[in-house]
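Below: one structure, written as structure tokens.
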Amino acid sequence: MKRFALRFARTTEMTLLVICVAMFAGLVIASNGDLLSANSLRVLLQFLAVPVLIGLAQMVVLAVGQLNLAVGAIGGFAAVSMGVLMADHGVPVPLALLIGFLLASVAGLLNGLLVVLTRINGFIVTLATMTVLLGVQYRVVGTRTVDGYPQSIKSFGSYAVFGILPLIFLVALVVAALLAVMLRRTVPGRQLLASGGNPIAARLSGISNDRSVIIAHTLSGAILGIAAILTVASSPGVNKSIGGDWLLPSFAAPIIGGALLTGGSAVVLGTVLAAFIVRFVDTARAEFSLEPSWVNFVVGAVVLGSVVLGQVRTRRQERRTVVKAPDAAVAGGVS
Amino acid sequence: ATGCSTKSSNDTAGGSSGNDASAGTSGGPVTLKDASKVKLALIPGGAHPYFQPWKTTAELDKTDFKLGDVTFNETGEWDQGKQNNVINSLAAQGYNAFGIFGVSPTDINSTFEDLKAKGFAVGSLASCPAGDTNSADFCLSTDVEAAAYKATKATIDAIGGEGTIVHLTGNNVDSNTQRRIAGVKKAIAETNGKVTELPVITDIDKDLQTAQKAVADLLASKGKEIKGIVTTAYNPAVAAADGVASSKLPIKVVAIDDDAKILSGIKSGGVAATVTQNPVGQAYVGGWLLALLGSKQCTMKTPGVIVDSGSFVVTKANVDSYDTERKAKTAELQKEFASQLTCQ
Amino acid sequence: MSAPVSETATAALQEPDAPVEQPRGGRVPWWANQRIGLLLLVVALSALFGILRPAFFNQQLVVFPLLRDIAMFTVVGLAQMCVLSIGHMNLAVGRMAAVSMMVTGISYDLWHFGLYAGLLVGLIAGAAIGALAGWVIARTGVNSFVVTLALDFLLLGLIPLVYTALTDNAAFVTKPPGMRELRNYSLADVCIGNVCGSPAVPQLAMFAVIAMVVVGWIYSRTKLGRELLMTGTSVKAAELSGIPTARRVIIAHAMSGCLAALAGFMLAVSTGSIKATIGEEFMLPSFLGPILGGTLLAGGFISVWGTLLGTALTTVIRKGLDLLGVGLESLNIYLGLILLVALSTDRIRTVFSERQGVRKR
Amino acid sequence: MTLFEAEKVDKLFPGVRALDGVTLKLEAGSVHALLGENGAGKSTLIKVITGLYRPDGGRLLLDGKEVQFGSPHESAAAGIGVVHQERNLIPGFTVGENILLQKLPTSRGLVDRAAIRTEAARWLAELDLDIDPDQPVTDLSVAQAQLVEIAKALSIESRVLLFDEPTASITPNEAERLFRVVGKLKDADCAVLFVSHKLEEVFQICDTVTVLRDGASVLESGTLSDLTRDEVVDLMVGRVHEALALPPRTVPTGAAPLLELSGVSTATGHADVDLTVRPGEIVGLYGLVGAGRSELAKALLGLDRITAGEVRVRGQVVRIRNVRDALHHHKIGYVTENRKEEGVFLEQSVSRNIAVTVWDRLRKAFGYVPAKAETAMVAEYVEQLGIRIASPAQLAGTLSGGNQQKVSLAKWLAAKTEILIIDEPTVGIDVRTKDAFHTLIWDLAANGLAILLITSDLPEMITLADRVVVMRDHRVRGEVANDHDYDTMSQRVIRLIHAEGTTAA
Ligand SMILES: Nc1ncnc2c1ncn2[C@@H]1O[C@H](COP(=O)(O)OP(=O)(O)OP(=O)(O)O)[C@@H](O)[C@H]1O
Ligand SMILES: Nc1ncnc2c1ncn2[C@@H]1O[C@H](COP(=O)(O)OP(=O)(O)OP(=O)(O)O)[C@@H](O)[C@H]1O
Ligand SMILES: [Mg+2]
Ligand SMILES: [Mg+2]
């Protein structure tokens, strides 16, 4: 236990945790304690649910050395499909949500199948599916904002336990916990990470890398399906803009969280913490009335800073460096 | 249940068109002779609810003015390069009259010049080029600065002439946004310090979630100070109406456009006012003018003239009647333009 | 010591009875050559669109803007290709164009530079920002994907701040003499005696030709180009062969930034003004051109011609769909699907040719 | 009893017939050696047996019944364990998980960590390995990693075990432990297949032997005790192999040293290293795996920091910043031990691989490299070193190991270096090519080059070196003048290594 604690103290997660706590404390002070009010906390957490999930959706494909540029398109497409089904076609809420979830999972599955069957780099495949799905999203909803769906789902989206803990945030945490258990403690999860860590070795150990890639993409789609459900539940309505700003944060969270683009790393906690940090930057912008441009600027600086720091740390831990040249590792890996 | 702007605007289009059509073809000061050689293209910047009335009005233009053909093409996808390509492709296919919402106000004059050089009739619709010149034959657009000014005035009225307000808007690096910010500032300056403004929140029109989050954060951090919110972009308007309603804070929201959601907000009192624009009038009067110019029947007395297509403050009081006002404005626009024309 | 290896050693090293190993990098049947396949595809599609819509061959209204676009996106593709050559990516390619054009805009607006002086300043700025990215990557060893993504975020925040501080309309509208003309001039405006060029070919395309020649020359004829490709194949081996890999990484990214700036300039000239949103649409085409053209994502192999053809393919498809009147409801769906098919056929061709005992290059 | 049989197996790769009707019989309770030159098809046969490749002809029989394996998973399930030639561990995983990866123990659907720990510990104990199963594999040394691979193969409790060059990167000590395990397996009536280029080992532990040449078996299940070492070698190379006779060479003792290290310490842990190499001299640097010889070479080239001491080249104190510096300013070349990753550019042409060091010399204005000069230069070295290629445009990755090694060396000869550090030049290279390399290195020295030869192959060292410097734990333990007599030399060297046993693990 002590050894574990020691090891944890040196991890990215620990650094992130410290940053989180420091930022939170800073914001509390800056807001004269207002941030601790139930309402402020609720708002803070309410808008964490979706970022956490899209970060995880990206993390899980990064874990097999793939990437998914279609995160926003899959989520947006699923969200508007659910909205249209409920509002225009009167499909019952649970059924509509299930269909949306399945649509997103199937989109992920298709990504995986395409990568495996065509052997085209995942980067390019998901770029193409992103284009297609954006088209589909527009076709489904046009320029409308759809919001005529039952109150029940809206109250689910806005309900907060004790007025502080939004239900949707808890859903996101549950998904994160399940994903962590899956990646750490189940055989498919371990196989997925093994494929990402060393595809050749995984193959020699009887693991199908193709299967891992398909599972990862499908999982990514499924998580995005849940993100889409939460979006439908908590937004004033859904339109073609949903998902438009998911791509960059989806990379920012796992990368700040310590994920390796080459695959093999499962950083659920790191991703969640990184989403918190990005959210704090947002809150700070509102608190100090900064232009939104500053958020991008700060997030960019934080990502750059954290990777550089992370690199310095691993460099130091490494007993030797073979060559002092950058690693030419390329995203898109297993394909 | 589909609600939203499409539907409500459809109604508008259907309702107003009959009157306008008669005004244009028979009762108007200029009688359009033969426009069968005119092929009209209405080209918005990209997909946006604001432009949906154009689609139906375009069809109306075709029948009312007996045009050779009309098309409505939104594949510009908010990229000036793509929009130029769309315009060129349409020109190559024989379209010779263009009503264009330029994606980039600072670039669109170049596009207009190209089209003019090739002898086409060009109108700048719903947005005017940045700067002092307009290279199109005319510009028929909401005066965004005036609209923002009106919206702010409405906000100030709603909050009782005193207090702090905040302005939510779209893409910061767009000259129209800059004009909106100026309009808001002007109205606030006129209160001599009674009303103060928090820093403008820009760049939240890209998508609904960003707008929603920005509104929620704003309300959480500054909710108690804020008396009113004035919005001059679509997604922030929807998000602010919703956010204020669910936060139960006594904040007055002034929205933009007549989205069904916003209209119902006005009726229920959740939204204090909204500033609607006149997309139907733009497409209808614009189409009529382009038919006259495209058939070479008329020319503009002063090329590049800029006309405000009108903006209308809608409150609970006039929510049921504002459309009449808008139709009147459309008819008036036609008269105004008639005096600007030299016709054979 | 002209011959370090003596006859005896040479004799010992010969293996007279060993069979010559199968050459797998050598000749490839013509149908397996990606570039020729692409060329055929572009020609066939153009013919098809031309038959369906004769307007496709309208010189002024279709071919001229089409070539202008192909030229610009080829330069964008080359910008990405330079970093792909070392196995890196530049996700900030569009934003680098925006920053460099911002500098160019400032030079026109505030310092009253001429057209080409401003371009030069922009190219230098682009190279500098690229070099900065390269330097961070080389120094820290962090993956280029991450560094350029973060840089993209950073610039995305920075650019609007500068524009709002320096301009009224969020754009630099000062146009130096010559800019307006450059936009519309074609080869028809270049005459030798009575013979003039084609009105369908924009003069702006010359920038792309120059870029292609220079980049092509660097990669095929010079030490620098070879070293970049060697670095792309294996950094370790390159470093251990005496190639200054860190410097090569910086140079590749600087070239990328410089070309991005050129593309930004071409965009600014062809749309009209210098504004913050320049380059926003660059990311997708920057990868499509080179990848469709055969450049490897993993590094070590590039194709300048392929980049041109890959760009031409995607641009022609979009133009064709435009002319066919495909609305926004279907446009992106078709684009994405066609893209997948184009990529898959290339893959099928590769597999097929590998089965015949050759290796695609 | 025959446990496993491969019958007339064919395997085709594009343009290569890697296996041509190979038959292999593995008996229970017996260790079977599979020998052959590089590229003979040994690894390919193993990959076919384990279902990694699908055979193009022939059949596989397990317990007399025909089997077909679609994947390594199926062969493992059928009881065939394998240690592949390349190391194959998953970096983020613990030792225990890596060992049991093929069938992770679960309880109630979740991976059972406690079970992993106890189970893995059992297999590690089997190999007398003192490694914590919870340790991440990234912390292991190369040799430890290799041993974990072996534990992994043992863990599936297979009856047929295939070892592909398991001893290539472990110390003789560790090899002995492995041999003890092999003995146990033999006693337990398992069938073991053993691939190695080290014939001494083969004769020590194997009972029977199959020899492959160019994908075909030239000897099937011969009894090893009936064969001599020379006979086996002759079978492998396909003609009578003569012991290498190198021409006499005078070693210049008086010449001023070209390379001189005094009191050098490095960031990677070397302390107080003294070393001198004169022109025309071959200095051997010997040590067990991990002694720090390659690291010393890399520090010398500026890839790691030198913290103390002096490096003198041609008498001048120098500070070499990188390989480029070493090459251009000091004419020092380094033939790396890791051919595939650091030595050659597999995806580039042979021509570029050789020319990479000389572009600086060939270039004209603007860095232009005239193609003609390049081609001529490449052709010269291709011919001198007898590199077998169809054209200079052929990709280096398509060459055999030996030819790749020649390419890796050619670039330094082309650069006209005067000091050459050659690291493990003949690892995984067959007997005949090895001899050719020995002749070449000998010859280079005779031509006046100063050569620092790093090798773990003691016979090679004794054949070539003029002096042998022995290293252990990053320190020079002593120096032995070579008398080219294997018995005395090996004793003296080993004694130096094990002198005053201060060890830090
Ligand atoms: N995947 C592959 N594709 C094409 N050719 C291959 C492949 N794998 C092996 N070969 C070729 O098959 C032949 C046999 O190779 P193999 O690796 O089995 O030799 P080996 O006897 O194990 O040699 P070594 O002692 O060097 O390990 C060689 O000519 C090699 O180039
Ligand atoms: N790829 C590697 N990753 C991590 N550690 C390594 C690696 N290679 C070697 N080491 C460790 O570095 C130390 C010195 O290695 P070095 O390669 O210099 O030894 P060497 O004497 O050349 O032996 P050899 O080259 O035969 O392995 C040893 O502790 C070794 O275990
Ligand atoms: Mg082998
Ligand atoms: Mg070594």
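Keep in mind that what you see is a predicted model, and the values were worked out from it rather than measured. So that the names make sense, note that chain A is the first sequence line, chain B the second, and so on, each numbered from 1.
Only the side chain of D:R363 has a heavy atom closer than 4.5 Å to any heavy atom of chain C. At a 4.5 Å heavy-atom cutoff, the contact between D:W412 and chain C is made by side-chain atoms alone. For C:L229, the parts lying under 4.5 angstrom from a heavy atom of chain D are both the backbone and the side chain. Heavy-atom distances place both the backbone and the side chain of D:D360 under 4.5 Å from chain C.
How far OG of C:S241 is from CG of D:N353: 7.5 Å, rounded to the nearest 0.5 Å. The distance from the CZ atom of C:R226 to the OG atom of D:S351 is 7.5 Å, given to the nearest 0.5 Å. A distance of 7.5 Å separates CZ of C:R247 from CG of D:N322, quoted to the nearest 0.5 Å. Put simply, NZ on C:K236 and CZ on D:F345 are 13.0 Å apart, with the number rounded to the nearest 0.5 Å.
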Legend entry - side-chain contact (heavy atoms from CB on, under 4.5 Å) evaluation trace for C:I243 with D:V356: CA-CA 8 Å; C:I243 295 174; D:V356 60; 3.5 Å; yes
Inset, instruction - Report the C-alpha distance between D:W359 and C:E227 in whole Å, list the side-chain angles of each, state the deciding distance to 0.1 Å, and finish with yes or no for side-chain contact (heavy atoms from CB on, under 4.5 Å). - result: CA-CA 9 Å; D:W359 288 326; C:E227 292 191 347; 3.8 Å; yes
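Atom NE2 of D:H329 has 12 or fewer neighbouring heavy atoms from other residues, nucleotides or ligands inside a 6.0 Å radius. Surrounding CZ of D:R54 are at most 12 heavy atoms belonging to other residues, nucleotides or ligands under 6.0 Å away. More than 12 heavy atoms of other shown residues, nucleotides or ligands fall within 6.0 angstrom of atom CH2 in C:W217.
For D:Q348 and C:T233, the side-chain atoms include at least one donor-acceptor pair closer than 3.5 Å.
A 4.5 Å side-chain heavy-atom check between C:L240 and D:L303 finds at least one atom pair inside the cut-off.
Ranked by heavy-atom pairs under 4.5 Å with chain D, the first of C:G225, C:A238, C:S220 is C:A238. With chain C as partner, the option from D:K364, D:K411, D:R352 having the largest number of non-hydrogen pairs under 4.5 angstrom is D:R352.
Salt bridge C:R221/D:E374: absent, no basic N to carboxylate O contact under 4.0 Å.
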